[in-house]
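Single-structure report; data block below.
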Amino acid sequence: QQPVQSPQAVILREGEDAVINCSSSKALYSVHWYRQKHGEAPVFLMILLKGGEQKGHEKISASFNEKKQQSSLYLTASQLSYSGTYFCGTESTGTDKLIFGTGTRLQVFP
Amino acid sequence: KAGVTQTPRYLIKTRGQQVTLSCSPISGHRSVSWYQQTPGQGLQFLFEYFSETQRNKGNFPGRFSGRQFSNSRSEMNVSTLELGDSALYLCASSFIAGGQNEQFFGPGTRLTVL
């Protein structure tokens with residue numbers, strides 16, 4: 001039931017782009033994205049709902065492909081502050097329960 | 001607006017003991033979820049409470065239990081501790097229940113079982 005995230009880790013230089021994928025074996029109703037910096041609590045980035053549109057703010061955006069049961073998080077022109085572990089959380093249709101993936105560790109270097 | 005608070009922040013226990021963790025949600029939030037975080041496993045869902053009722057439960061043994069009070073504060077209890085229970089326990093609150101709402105996480109309680 002746990003969604004699968006890929007890649008497990010990403011190393012970038014400032015200004016480079018990255019894509020983090022999240023896939024589920026079940027039909028999805030919603031997908032959440034959170035970022036957790038070392039030693040801190042996860043912080044909400046965005047929610048994508050079934051039938052909704054692609055979302056984003058500033059240089060972080062995400063898409064949700066309902067048919068493929070996948071979501072992707074796009075980080076454009078990465079900044080040092082983007083470093084952290086990114087988690088997707090998925091709610092399968094009919095479960096009303098949020099299940100998180102194992103996370104993708106992103107490190108941005110100057 | 002104060003954030004989600006969790007107490008204590010750190011705990012050291014020995015095998016066989018029991019432990020109670022506390023979570024105070026953001027004022028006005030009625031849903032509280034608990035997660036166990038370990039390296040490599042991500043955030044494992046324990047349970048969710050809404051209006052003092054358990055709405056959802058993850059795949060954890062019965063040693064893990066919880067409750068929610070009328071003021072929405074929640075406690076989680078782990079009995080007969082095992083070494084594998086060592087983890088960061090996070091609680092998250094949201095205004096209403098369900099998986100479609102933004103969750104606000106607390107700083108967590110770091111539990112070490114010796």
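Since the structure is predicted, the reported quantities are computational estimates derived from the model, not experimental observations.
The structure places CD of B/Glu48 at 10.0 Å from NZ of A/Lys97, a figure rounded to the nearest 0.5 Å. One finds the OH atom of B/Tyr35 at 4.5 Å from the CG atom of A/Leu98 (value rounded to the nearest 0.5 Å). Taking CD from B/Glu102 and CG from A/Leu45, the interatomic distance works out to 9.5 Å, rounded to the nearest 0.5 Å. Note that the CZ atom of A/Phe100 and the CD atom of B/Gln41 stand 15.0 Å from one another [nearest 0.5 Å]. To the nearest 0.5 Å, the span separating CG on B/Asn101 from CD on A/Glu91 amounts to 9.0 Å.
Hydrophobic clustering (side-chain heavy atoms under 4.5 Å, transitive across Ile, Leu, Val, Met, Phe, Trp, Tyr) keeps B/Phe105 apart from B/Tyr89. Clustering ILVMFWY residues whenever any of their side-chain heavy atoms sit less than 4.5 angstrom apart, transitively, puts B/Leu88 in a cluster other than the one holding B/Leu111. Cluster annotation: B/Trp34 and B/Val4 are assigned to distinct hydrophobic clusters (Ile/Leu/Val/Met/Phe/Trp/Tyr, side-chain heavy-atom contacts under 4.5 Å, transitive). If you chain together hydrophobic residues whose side chains sit under 4.5 Å apart, A/Tyr86 and A/Val31 fall into the same group.
Separation of the B/Phe104 and A/Phe44 ring centroids does not fall under the 6.0 Å cut-off.
By the 6.0 Å contact criterion, CG on B/Asn59 is open, its count of non-hydrogen atoms from other residues, nucleotides or ligands being 12 or less. Counting non-hydrogen atoms of other residues, nucleotides and ligands closer than 6.0 Å to CZ of B/Arg63 gives a total above 12. With a 6.0 Å radius and a threshold of 12 heavy atoms from other residues, nucleotides or ligands, A/Arg105 has its CZ atom at or below the threshold. No more than 12 heavy atoms of other residues, nucleotides or ligands shown are found within 6.0 angstrom of CZ on B/Phe95.
For A/Gln5, no part lies under 4.5 angstrom from a heavy atom of chain B. Only the side chain of A/Gln36 comes within contact range of chain B, judged by heavy atoms closer than 4.5 Å. Heavy-atom distances place both the backbone and the side chain of B/Leu43 under 4.5 Å from chain A.
Of all heavy-atom pairs spanning B/Gln103 and A/Tyr34, the tightest one is N-OH, 3.0 Å. Contact record, A/Ala41 with B/Gly106: CB-O, 3.0 Å, taken as the closest heavy-atom pair.
Each of A/Gly89, A/Gly39, A/Gly103, A/Pro42 has some count of heavy-atom pairs under 4.5 Å with chain B, and the biggest count is that of A/Pro42.
The shortest side-chain heavy-atom distance between A/Gln2 and B/Gln44 falls under the 4.5 Å cut-off.
Applying the 4.5 Å side-chain rule to ILVMFWY residues, one finds A/Phe109 in the same cluster as A/Ile11.
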